[in-house]
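Here the structure is laid out as structure tokens; the discussion comes afterwards.
Index from 1, following the sequence. Here the structure is a predicted model, which means the values were calculated and not measured. Just so you know, ligand 1 is whichever comes first in the structure, and atom 1 is the first atom listed for that ligand.
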Amino acid sequence: MAVARGVQEAMTRASWIRRMFERGAELVRQHGAQNVFDFTLGNPYLEPPAAFFDCLGELARRRGEGLHRYMPNAGFPQVRAAIAERLAGQEIFPGLRGEGVVMTVGAAGGMNIALKTLLDPGDEVIVLAPFFAEYGFYVANHGGVLKTVETSADFDVDVGAVAAAIGPRTKALIVNSPNNPTGRLYPRATLEALGGALAEAERRIGHPIYLIADDPYRELIYVDDPPPPAAVFHANSLLVYSWSKSLSVAGDRIGYVAVNPRADGAEAIAGGLTFTNRTLGYVNAPAVMQLAVTRLLDASIDVNWYRTRRDRLVAALRDLGFELRAPEGTFYLFPRSPDADDVAFVNRALEERVLLVPGTGFGRPGYVRLSYSVDDRTIDGGIAALARVMGRR
Ligand code: PLP
């Protein structure tokens with residue numbers, strides 16, 4: 001076999017995504033793009049803010065400074081220092097210095113260097129289901145074993161279940177809040193309890209359990225006074241961030257991993273992140289983007305654009321008889337599938353040219369995911385089409 005068995009098997013497991021994609025493309029060919037309502041994409045719809053383009057213009061004029069050469073694998077020192085100062089100032093990681101920040105190729109790059117740095121073969125990584133399906137591949141990339149723990153009916157962390165799942169091989173826990181696919185922002189009380197349970201489990205098993213907070217939706221939160229990132233609530237923690245969503249620059253691939261200065265082996269971990277950034281082939285995060293985001297630390301796309309769409313779709317879906325909780329963040333909705341078999345419902349929706357992702361793909365059958373990072377035509381046409389799917393015209 002030309003392709004390695006592990007890759008072949010992973011591609012086969014992930015093939016439903018490709019099939020959905022192909023089916024969508026076929027519907028577009030048959031009916032025209034304006035008659036297909038695609039809610040599957042986790043792609044930021046908005047253009048980046050004007051300040052981003054201004055900044056790129058300025059950076060394009062800077063010549064003779066060697067800005068586009070190789071650089072330290074962790075990124076420009078002044079960029080790392082600026083991010084550390086901000087995270088320290090926001091009391092996310094008090095005392096953080098630039099040495100504890102590694103610039104990455106988005107959150108995906110950040111998750112991969114974090115897992116590569118932490119995992120020995122056979123180490124277990126706990127994820128909270130439903131979860132971003134790529135975690136399974138990232139953990140496998142680095143010899144880890146994925147252990148899923150179900151969240152509660154309202155998608156909150158079941159802290160008791162996490163504690164019960166921790167064993168001698170547990171090395172890390174991934175927390176993604178607000179969450180893809182549910183949009184759930186874990187409450188402060190939950191995060192405090194989780195931090196307490198992790199500290200207690202560490203005493204029991206006798207080694208650190210690293211909480212990896214995967215936070216690419218941090219700015220896409222629609223509640224007042226949200227809790228800080230989950231990484232704040234546990235000493236042994238890493239914060240993975242990306243500007244893909246907050247600046248709508250997913251194609252430009254820029255993010256960071258920050259190591260909690262209170263973490264066991266913080267310095268060694270930062271060294272591991274730097275080394276794996278190099279050896280996994282990222283080498284360093286894109287130079288121009290590092291400089292751009294440092295100047296745009298206060299910039300963001302208009303979050304209200306997403307909030308308005310969330311409100312509209314939540315109300316419309318409830319009207320149609322969908323059961324769902326209004327998410328506090330991200331640009332996803334995760335209603336219960338009207339048919340017990342979510343894949344069957346997704347196929348039924350396809351007949352009306354509505355594209356959804358089955359919850360099965362995120363480890364929670366019986367639900368479907370819709371992205372509302374879509375244009376008005378998709379929302380208007382999609383609601384009308386879903387009304388037909390639900391038997392109401
Ligand atoms: N983590 C989660 C939960 C995501 O939903 C995504 C992208 O959709 C990523 C990580 C990867 O994001 P990035 O573009 O920053 O690599």
ask   = How close does the nearest protein non-hydrogen atom get to atom 8 (O) of ligand 1, and which residue and atom is it?
value = K245 NZ, 2.9 Å

message = Is there a polar contact between ligand 1 and F132, counting only N or O atoms under 3.5 Å apart?
response = no

Ligand 1 contacted by Y135 (non-hydrogen, < 4.0 Å) = yes

ask   = Any idea which part of A108 is under 4.0 Å from ligand 1, heavy-atom wise: side chain, backbone, both or neither?
value = both

query = For N176 and ligand 1, does the shortest N/O to N/O distance drop below 3.5 Å?
reply = no

query = Looking only at N/O atoms, are A250 and ligand 1 under 3.5 Å apart anywhere?
reply = no

inquiry  = Would M111 count as a contact residue for ligand 1, given that I'm defining contact as a non-hydrogen atom of the residue lying under 4.0 Å from a ligand atom?
reply    = no

query = N/O of S244 under 3.5 Å from N/O of ligand 1, yes or no?
reply = yes

inquiry  = Between ligand 1 and Y217, can you find any atom pair, the residue atom being a heavy atom, that is separated by under 4.0 Å?
reply    = yes

key: Side-chain donor or acceptor of N176 paired with backbone N/O of D214 under 3.5 Å   = yes

request  = Examine R253 against ligand 1 and note whether any of their N/O atoms are separated by less than 3.5 Å.
outcome  = yes

query = Relative to ligand 1, is F331 under 4.0 angstrom through side chain, backbone, both or neither, heavy atoms considered?
reply = neither

